[in-house]
Amino acid sequence: RAMTGVARPAVTVYMRDGTEQEKNRRSLELDKKSLETIVNNLPVGVGVCEIRDGKARALVINRGLRELTGADADAFERADGALLRCVHPDDRGALFAALSRCARPDAQVRQEYRFRRPDQASWHWFRMEARTIAQGESTAAFVCLSDVTARRQEEQNYARIFRQMAEADPETLCVFRLNLSRNRCTAEPDRVPSCLQAVRQDTAEAFLTALRACAADERDKARLAERFTRQALLEAFEAGQADAALEFRLQGAGAVQWVKLSVHMAPNPASGEAEALASLADSTERKKDEEVILHLTRRKFDYIGLLDLKTQTIEFRSRQPGVAGNAAQLPGRSEAYQQWRRYMVENRIPPEERDAYLAGTALPRIEAELAEQRDYSFAFRQKIGGVESRRQLQYSRMEGLDGKVLVIRTDITAAYRTEQEQLARLREALRAAEEADRAKTEFLSRISHDIRTPISIISSMTGLELEDRCLPEEQ
């Protein structure tokens, strides 16, 4: 530094250690490069803009933002509206208003809109999140842009599936949408019948409680209290269970006597919360039909089942108690067909009948028989607790249900005994007829021998008498 006030020109030299300052400078440059590398490799678009006097200047535009929009850094500063024209016409107004709010300091802005790059044919949903910070006379805006097209499609599919489920059953009386996580309940008021007005509640727990009060049978109330509480449904949802159903009888003697409660649970794609669609359908007529079929089944059949030849499973639609070892199995549940056969061989079929039973109930045998005819029947002997009986299995092809075979098992013990008694009577009658035939043959043989001798004598004497006659007229 030049010195003044001295006789001759002079300078003062100051020296200091700049090692730390240089290290800090180099460290800042390294941190800046590392930050730029991280920002450029983020899976979302990131941008930093300086807003001064209503004009924006791009400071940082990462690679993700350029790839999402198909624009360079200059495009964000140009005022020609090229990027705004890529926004869906229905969303431009809302996006422009959101961008205007970014000029305010300490603002948080979120907006979703549809965007289509010039080189793309389809629209994509973008989600913009911005945070602004005041910096003296200017404002810094930190913007994050992400493609949420997949999430929006999931939300649309989610809403569509719920809507289809609500409209699928023509017997549906009403549908309630439950948010199990937030304990909320909504319904369409016009669709709730008078017999179910009591279940119109604002919370999911209150809805389920009111539903239990509508049940007429104490056992149904107990089942509803066990399986259909908010906590029980949340636990089932967390365990991966998506569906739950129960049929129960309503209190009162109205037209709707039986209802079926069906609950379908799914995570909301946007929030991840557990939501459920609870539908109540009138099952009165179907219940009547089931009772008639069940009554006939109990009188006529051991069980009625559906055999799936593709999956090799059997689904029991109606079954008498004690028919199988798994007495707790409910109608509509399936089990492996081979496991069912193994249970029968080990617990029901006498040893001498097992090979014939396995051969007659084998899947290849059933398929071969049904390929030639519509029905195939197989009878076998069964022994339970020392008591023997006769059973018949009838397999029938189901039209319109590919690979499904109707299986009906019938107790034919009485018919078998009647048939055996008839066969015994027929054998006795046949034996008596054979005895009579032998007696007749013996009688005729004896009579023939006893009559043959005198007839021969008479015939011979008559011949001699005729030969002794002289005249032809006498002869």
Side-chain angles (χ1 to χ4, degrees), residues 18 20-120 122-155 269-272:
E20 290 299 324
Q21 184 177 0
E22 181 64 19
K23 287 182 179 179
N24 292 335
R25 186 186 65 79
R26 293 183 180 182
S27 177
L28 287 174
E29 289 182 356
L30 182 62
D31 291 344
K32 183 179 178 181
K33 291 181 180 179
S34 300
L35 181 61
E36 289 178 353
T37 302
I38 294 173
V39 169
N40 280 324
N41 287 279
L42 288 174
V44 295
V46 176
V48 181
C49 299
E50 181 187 31
I51 304 173
R52 185 188 297 269
D53 299 330
K55 295 183 179 180
R57 182 171 67 90
L59 300 178
V60 177
I61 301 294
N62 78 334
R63 182 168 53 246
L65 186 57
R66 294 194 298 270
E67 290 177 353
L68 284 174
T69 59
D72 54 16
D74 295 336
F76 290 91
E77 299 183 7
R78 290 195 298 267
D80 55 2
L83 285 176
L84 192 60
R85 285 194 294 271
C86 294
V87 178
H88 195 281
D90 296 341
D91 301 333
R92 289 175 186 172
L95 179 61
F96 186 78
L99 292 174
S100 300
R101 294 197 300 273
C102 289
R104 305 171 188 171
D106 299 323
Q108 291 185 351
V109 180
R110 292 181 181 178
Q111 185 64 40
E112 292 190 2
Y113 59 94
R114 284 162 288 184
F115 188 90
R116 183 173 63 188
R117 288 173 41 168
D119 58 344
Q120 292 179 338
S122 58
W123 294 96
H124 286 248
W125 278 97
F126 285 174
R127 178 184 177 90
M128 181 193 71
E129 297 184 77
R131 174 70 184 270
T132 63
I133 300 176
Q135 292 183 340
E137 297 179 356
S138 64
T139 300
F142 301 88
V143 181
C144 180
L145 191 69
S146 55
D147 189 337
V148 294
T149 305
R151 194 208 70 198
R152 294 289 296 226
Q153 290 177 347
E154 288 182 3
E155 291 177 357
S271 62

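The basis for the numbers below is simple: all heavy atoms, side chains too, and nothing from hydrogens, waters or symmetry mates.
Ion pair Arg151/Glu112 flagged as a salt bridge, since at least one NZ, NE, NH1 or NH2 atom sits closer than 4.0 Å to an Asp/Glu carboxylate oxygen.
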Evaluate the criterion side-chain contact (heavy atoms from CB on, under 4.5 Å) for residue pair Arg127 and Ser146; output intermediate values, then yes/no. CA-CA 5 Å; Arg127 178 184 177 90; Ser146 55; 3.8 Å; yes

side-chain contact (heavy atoms from CB on, under 4.5 Å), that's the test. Do Val109 and Met128 meet it? Break it down for me. CA-CA 8 Å; Val109 180; Met128 181 193 71; 4.0 Å; yes

Mind running side-chain contact (heavy atoms from CB on, under 4.5 Å) on Ile133 and Phe142 for me, showing each step along the way? CA-CA 8 Å; Ile133 300 176; Phe142 301 88; 3.7 Å; yes

For the pair Val46 and Val143, evaluate side-chain contact (heavy atoms from CB on, under 4.5 Å) and give the outcome as yes or no after the intermediate values. CA-CA 6 Å; Val46 176; Val143 181; over 6 Å; no

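The CD1 atom of Ile61 lies 8.0 Å from the OG1 atom of Thr69; values are rounded to the nearest 0.5 Å. Between atom CG of residue Asp91 and atom CZ of residue Phe115 there is a gap of 12.0 Å, rounded to the nearest 0.5 Å. Interatomic distance, CZ of Arg104 versus OG1 of Thr139, reported as 11.5 Å (0.5 Å rounding). Separation of atoms SG (Cys102) and CD (Gln108) is listed at 11.0 Å; rounding is to 0.5 Å.
His124 and Phe126 have tilted rings, their planes meeting at an angle from 30° to 60° on a 0 to 90° scale.
With hydrogens and angles disregarded, no donor-acceptor distance shorter than 3.5 Å links the side chain of Arg101 to the backbone of Ala107. Looking only at distances, no side-chain donor or acceptor of Arg110 sits under 3.5 Å from a matching main-chain atom of Glu129. Using a distance-only test at 3.5 Å, with no hydrogens or angles considered, a donor-acceptor pair links the side chain of Thr132 to the main chain of Asp106.
Atom CG of Asp53 has 12 or fewer heavy atoms from other residues, nucleotides or ligands within 6.0 Å.
Residues Ser122 and Arg116 approach most closely at O-CG, 3.4 Å, considering heavy atoms. Of all the heavy atoms in Gln111 and Ala98, the pair that sits closest is CB-CB, 3.9 Å.
Taking the ring centre of Trp123 as origin, the terminal cationic atom of Arg114 falls outside the region bounded by 6.0 Å and 45° from the ring axis.
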